[in-house]
Amino acid sequence: MRTRGTLLVLLFGSLIMSGPICPSPSVITIIMPSTVTTFSFDIQVNLLGDFVPGTFSASINLEDVTPRFTTVGPVVQTATIDPGAPLRDENFLLVRAQRTSDGVFVTRGMTFDY
């Protein structure tokens with residue numbers, strides 16, 4: 001009987017110590033300067049976690065710039081943005097992709113000056 005009680009304590013203790021089992025989060029990061037001082041500039045977007053392929057989209061000032069992005073490996077999207085539309089003095093970059101686990105779109109935005 002004592003052995004059974006010890007086993008139960010060890011079992012519950014190991015469950016508590018290990019913490020909850022959760023899938024890794026899906027995160028989008030944007031790498032680019034907050035102030036652009038060159039005519040052309042690069043944007044790098046990292047899709048960390050599980051995303052549905054083909055659901056990545058990007059816009060600058062609500063104008064779609066997704067076709068300017070190319071995939072570099074499974075998580076990195078890059079684009080070179082040239083002068084002209086849709087750029088303004090103050091800009092807003094919005095990127096999003098659909099998470100595989102629940103179908104929710106993960107969105108990340110960033111303002112930058114040009």
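For the single chain, residues carry numbers from 1 onward in sequence order.
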Exercise: do N46 and Q44 side chains pair donor with acceptor under 3.5 Å: yes
Just by distance, no angles: are the side chains of T71 and Q77 close enough, under 3.5 Å, to form a donor-acceptor pair? yes
Could you walk me through whether T29 and V45 pass side chain to side chain contact (heavy atoms under 4.5 Å, CB included), step by step? CA-CA 6 Å; T29 61; V45 177; over 6 Å; no
Between I81 and R68, does the side chain to side chain contact (heavy atoms under 4.5 Å, CB included) criterion hold? Intermediate values first, please. CA-CA 8 Å; I81 306 299; R68 298 183 192 191; 3.9 Å; yes
Is there side-chain contact between [X] and [Y], with heavy atoms separated by less than 4.5 Å?
| X | Y | answer |
| --- | --- | --- |
| S101 | S26 | no |
| L94 | T107 | yes |
| N91 | T111 | no |
| F51 | V75 | no |
| P86 | V65 | yes |

Same cluster or not: I30 versus F112, using hydrophobic residues (I, L, V, M, F, W, Y) connected whenever any side-chain heavy atoms lie under 4.5 Å apart? yes
Side-chain heavy atoms nearer than 4.5 Å, only ILVMFWY residues, links allowed to pass through others: does that put V76 and M32 together? no
Report the relative orientation of the aromatic rings in F56 and F69; use parallel for angles under 30°, tilted for 30 to 60°, perpendicular for over 60°. perpendicular
Mark yes or no for whether [X], through its side chain, and [Y], through its backbone, hold a donor-acceptor pair below 3.5 Å.
| X | Y | result |
| --- | --- | --- |
| Q98 | G103 | yes |
| D64 | T66 | yes |
| N61 | F92 | yes |
| Y114 | T37 | no |
| D113 | T35 | no |

From S59 atom OG to R96 atom CZ, the distance as rounded to the nearest 0.5 Å: 9.5 Å
How long is the span from the CG atom in L47 to the CZ atom in R108, to the nearest 0.5 Å? 12.5 Å
For E63, does the CD atom have more than 12 heavy-atom neighbours from other residues, nucleotides or ligands under 6.0 Å away? yes
